[in-house]
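Atoms within a ligand are numbered from 1 in the order they appear, just like the ligands themselves. This chain uses plain numbering: 1 for the first residue, then up along the sequence.
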Amino acid sequence: MASKVPIAVAYGDGIGPEIMSACLHILQEAGAQIEPHVIEIGEKIYLQGYTAGITPEAIQTIRATKVFYKAPITTPQGGGYKSLNVTTRKLFNLFANVRPCVSYHPFIETKYPGLDVVIVRENEEDLYAGIEHRQTPEVYQVLKLVTQPGCERIIRYAFEYARAYGRRKVTCMTKDNIMKLTDGLFHKVFDEIGAEYPEIEKEHWIIDIGTAKLADTPEQFDVVVTLNLYGDILSDMVAQIAGSVGLAGSANIGPSVAMFEAIHGSAPRRAGQNLANPSGLLHAGIMMLVHIGQPEVAERVHNAWLRTIEEGYHTYDIYREGFSRAKVGTKEFAEAVVRNLGKQPETLKAVRYTQEGGPARVLTIPAYTRPKPPKKELIGVDIFVNWTPGHPNELAQKIQAVLPPTLKLTMISNRGTAVWPQTLEETFLVDHWRTRLMSATGAPLSSDVIIQALQAYQKAGLEFIKMENLYLFDGVEGFSKGQGE
Ligand code: NAD
């Protein structure tokens, strides 16, 4: 018999302990060779003063086992608490969040019988970098970070996943008509990497209409790869329209560590009543078994689960009067799955994880190789100032009076809209202004010039709150224009 694989297990909060007990029971009855190392995370740990809800000892256990099976946790309300999920994903470089959503028609009610979509969500970057500031009395900001290595590995992961699991198409969704640099990079990398997978169909949708299409005709989609926030929203939506958020599991994959969890939360109102559906966490457990090289056990569990769903043993969230056989609790559902171990579904398609040439267990993504850096030339600076709304001409005059001769003021914008040299009376103005200074001659600048500009602003009594350098990279502008500039 294979030796047992150590895994870190967290029972979590709310419905977490009930569904984790149910899932571990099923996995062990199915013959999973796992050795759970229980760690404490979540509400209790937050309230002990660990702002990320996890102790250094628990982090060490995850590092040692490299596999983390996690029940949902409750993040206490109020400021100062950081999301445990976001922290875990970033600490362990869990860059890919894989969420398969499938409809189980006619056994679980859904308007979309043909739905079978895998959302591959970038898991570390975008607006989830968690860098937020209040800059002026009226303005708050979050930084959206999108990186070349981040895009490359998630997009390659999506294509490798499609190849390994025999999927025909990968759809990319971004908002690159608006965010031309950040979302634009994601789209560009998708086109470049996609070209290496000629056998896979590729398409790109702008996220708004793409979401509408996905909600309307999900059967036209297969694998969807997208940025962090869009993927977060899309995957809940797709899981819900497949039948219930209680059904879908997710894998958070990194180069050395992987975390497996349900996509839903701790549902505190359902806690302690033996009501919750353990299926989402069970699907995460099935993905974990495939990941740790026990595909035959994964297959046994998955097919027993499909058979149980067909037989009509349903928890309250998927129960239908006159259609389901019995409304069962968490424990009874788990027992029904255990009874079905070794059986196959009769109507739903049985799952195969073991066939010859079947899915690769751990997809390997090549480490990022940093290319030769492009030629970077400083040609200007955006200086942001906190200034009580007045006429933009007044601000322009104050700046022009103090500027070093190497710089010229070319634009002032307010909430991204250019309001100088031209101003529309109708444009609403807040106390946060971007003033764009460019090299007066077009020649590259030294960073001293920026320091001189900041000193000049200070002398003029202007309160600068932030600056962004404007660069050319191999001659291409690395900044966006103001709206209407
Ligand atoms: P939730 O997913 O916990 O619950 C949303 C709804 O879905 C509720 O009506 C609930 O009854 C139902 N539901 C969820 N899981 C179910 C299951 N397994 N069986 C049956 N019904 C189920 O979302 P929420 O109410 O927004 O969040 C509650 C708490 O969970 C919050 O503290 C939140 O921070 C946390 N949360 C944790 C995670 C995680 O740990 N991965 C993810 C999301 C939310």
Side-chain angles (χ1 to χ4, degrees), residues 8-23 26 39-47 51-54 58 62 68-90 94 97-99 101 108-109 121 123 128 130 228-229 231-233 235-252 258-285 287-288 305 308-309 313-320 324 327-334 337:
V9 168
Y11 281 80
D13 301 314
I15 58 170
E18 301 158 66
I19 59 174
M20 182 54 87
S21 300
C23 291
I26 298 169
I39 58 172
E40 288 264 20
I41 57 165
E43 202 170 20
K44 240 193 292 174
I45 306 299
Y46 278 113
L47 298 177
T51 53
I54 187 162
I62 299 171
F68 181 19
Y69 193 27
K70 173 182 164 293
I73 60 138
T74 301
T75 310
Q77 294 290 318
Y81 299 115
K82 298 294 273 184
S83 158
L84 168 70
N85 278 343
V86 175
T87 304
T88 315
R89 288 166 188 164
K90 295 179 81 156
L94 307 181
N97 190 329
V98 184
R99 297 181 162 189
C101 300
I108 297 178
E109 196 169 25
R121 160 187 169 196
N123 218 13
Y128 290 61
N228 204 343
L229 175 64
D232 194 0
I233 299 168
S235 54
D236 269 30
M237 186 271 286
V238 178
Q240 181 67 34
I241 66 172
S244 163
V245 280
L247 293 176
S250 80
N252 295 265
M259 171 170 88
F260 301 87
E261 60 177 346
I263 75 161
H264 60 74
S266 59
R269 281 186 307 124
R270 308 283 178 191
Q273 299 158 64
N274 189 38
L275 280 175
N277 189 346
S279 300
L281 190 58
L282 189 64
H283 280 126
M287 287 193 262
M288 176 179 74
W305 180 86
T308 308
I309 292 298
Y313 293 102
H314 293 164
T315 43
Y316 82 92
D317 55 318
I318 55 172
Y319 176 82
R320 272 186 297 156
S324 304
K327 191 191 270 185
V328 291
T330 315
K331 280 191 190 140
E332 295 71 29
F333 182 82
V337 177

protein heavy-atom neighbour closest to atom 11 (O) of ligand 1 works out as R270 NE, 3.1 Å

Can any side-chain N or O of Y46 pair as donor or acceptor with the backbone N or O of T74 at less than 3.5 Å?
-> no

Shortest protein heavy-atom distance from atom 12 (C) of ligand 1, along with the residue and atom involved = Y316 OH, 4.2 Å

Given P278, P72, G265, A271, which has its nearest heavy atom closest to atom 23 (O) of ligand 1?
-> G265

Shortest non-hydrogen contact from L47 to P76?
-> CD2-CG, 4.2 Å

If you scan protein heavy atoms around atom 35 (C) of ligand 1, the nearest is I73 O, 3.2 Å

Specify the protein heavy atom at minimum distance from atom 19 (N) of ligand 1: its residue, its atom name, and the distance to 0.1 Å.
-> N277 N, 2.9 Å

Using a strict 4.0 Å cut-off to heavy atoms of T75, name the atoms of ligand 1 that fall inside it.
-> 32 (O), 34 (O)

More than 12 foreign heavy atoms under 6.0 Å from NZ of K82: is that the case here?
-> no

Hey, is atom 8 (C) of ligand 1 touched by any protein heavy atom at less than 4.0 Å?
-> no

Does H314 reach the main-chain N or O of I309 with its side chain, forming a donor-acceptor pair under 3.5 Å?
-> yes

Relative to ligand 1, is P268 under 4.0 angstrom through side chain, backbone, both or neither, heavy atoms considered?
-> side chain

T51 meets the side-chain contact (heavy atoms from CB on, under 4.5 Å) criterion, sequence neighbours left out, with none

On a heavy-atom basis, the closest approach of R121 and G231 is CD-C, 3.6 Å

Pull out every atom of ligand 1 sitting under 4.0 Å from any heavy atom of E261, numbered as shown with elements.
-> 41 (N)

What residue and heavy atom of the protein are closest to atom 14 (C) of ligand 1, and at what distance?
-> H264 CB, 3.8 Å

Minimal non-hydrogen separation, A267 against I15, with atom names | O-CG2, 3.7 Å

For atom 41 (N) of ligand 1, the closest protein heavy atom turns out to be N85 ND2, 2.9 Å

Could you tell me whether atom 3 (O) of ligand 1 has a protein heavy atom closer than 4.0 Å?
-> yes

Taking all non-hydrogen atoms of both residues into account, name the closest pair between A10 and F68 and its distance.
-> CB-CE1, 3.7 Å

Contacts table for residues 269-280: side-chain donor-acceptor under 3.5 angstrom, sequence neighbours left out:
{"unit_1": "R270", "atom_1": "NE", "unit_2": "Y316", "atom_2": "OH", "d": "2.9"}
{"unit_1": "Q273", "atom_1": "NE2", "unit_2": "R269", "atom_2": "O", "d": "2.8"}
{"unit_1": "Q273", "atom_1": "NE2", "unit_2": "A271", "atom_2": "O", "d": "3.1"}
{"unit_1": "N274", "atom_1": "OD1", "unit_2": "T330", "atom_2": "N", "d": "3.1"}
{"unit_1": "N274", "atom_1": "OD1", "unit_2": "K331", "atom_2": "N", "d": "3.0"}
{"unit_1": "N274", "atom_1": "ND2", "unit_2": "E332", "atom_2": "OE1", "d": "3.0"}
{"unit_1": "N277", "atom_1": "OD1", "unit_2": "S279", "atom_2": "N", "d": "2.9"}
{"unit_1": "N277", "atom_1": "OD1", "unit_2": "S279", "atom_2": "OG", "d": "2.6"}
{"unit_1": "N277", "atom_1": "ND2", "unit_2": "T315", "atom_2": "OG1", "d": "3.3"}
{"unit_1": "N277", "atom_1": "ND2", "unit_2": "D317", "atom_2": "OD2", "d": "3.1"}
{"unit_1": "S279", "atom_1": "OG", "unit_2": "W305", "atom_2": "NE1", "d": "2.9"}

Under 4.0 Å from one or more heavy atoms of K70, ligand 1 contributes atoms 39 (C), 40 (O), 41 (N)

N or O pair under 3.5 Å between I15 and ligand 1 = no

Return the residue, atom name and 0.1 Å-rounded distance of the protein heavy atom closest to atom 10 (C) of ligand 1.
-> A267 CB, 3.7 Å

Please report the closest heavy-atom contact between S266 and P72, naming both atoms and the distance.
-> N-CB, 3.6 Å

Is a salt bridge present between K44 and D13, judged by a nitrogen-to-oxygen distance below 4.0 Å?
-> no

Do any nitrogen or oxygen atoms of T74 lie less than 3.5 angstrom from nitrogen or oxygen atoms of ligand 1?
-> no

Mind listing the closest non-hydrogen atom pair of I39 and A8 along with its distance?
-> CD1-CB, 4.4 Å

Does the protein put any heavy atom within less than 4.0 Å of atom 29 (C) of ligand 1?
-> yes

Please state which protein non-hydrogen atom is closest to atom 31 (C) of ligand 1 and give its distance, to 0.1 Å?
-> S266 OG, 4.3 Å

Can an N or O of A262 be found at a distance shorter than 3.5 Å from an N or O of ligand 1?
-> no

Below 3.5 angstrom, do we get any N/O pair linking A276 and ligand 1?
-> no

Residue portion contacting ligand 1 (non-hydrogen atoms closer than 4.0 Å) for D317 | side chain

Checking side-chain hydrogen bond (donor to acceptor under 3.5 Å, both in side chains) against N252, which of N123, N85, T88 comes through?
-> N123

Any non-hydrogen protein atom less than 4.0 Å away from atom 21 (N) of ligand 1 = yes

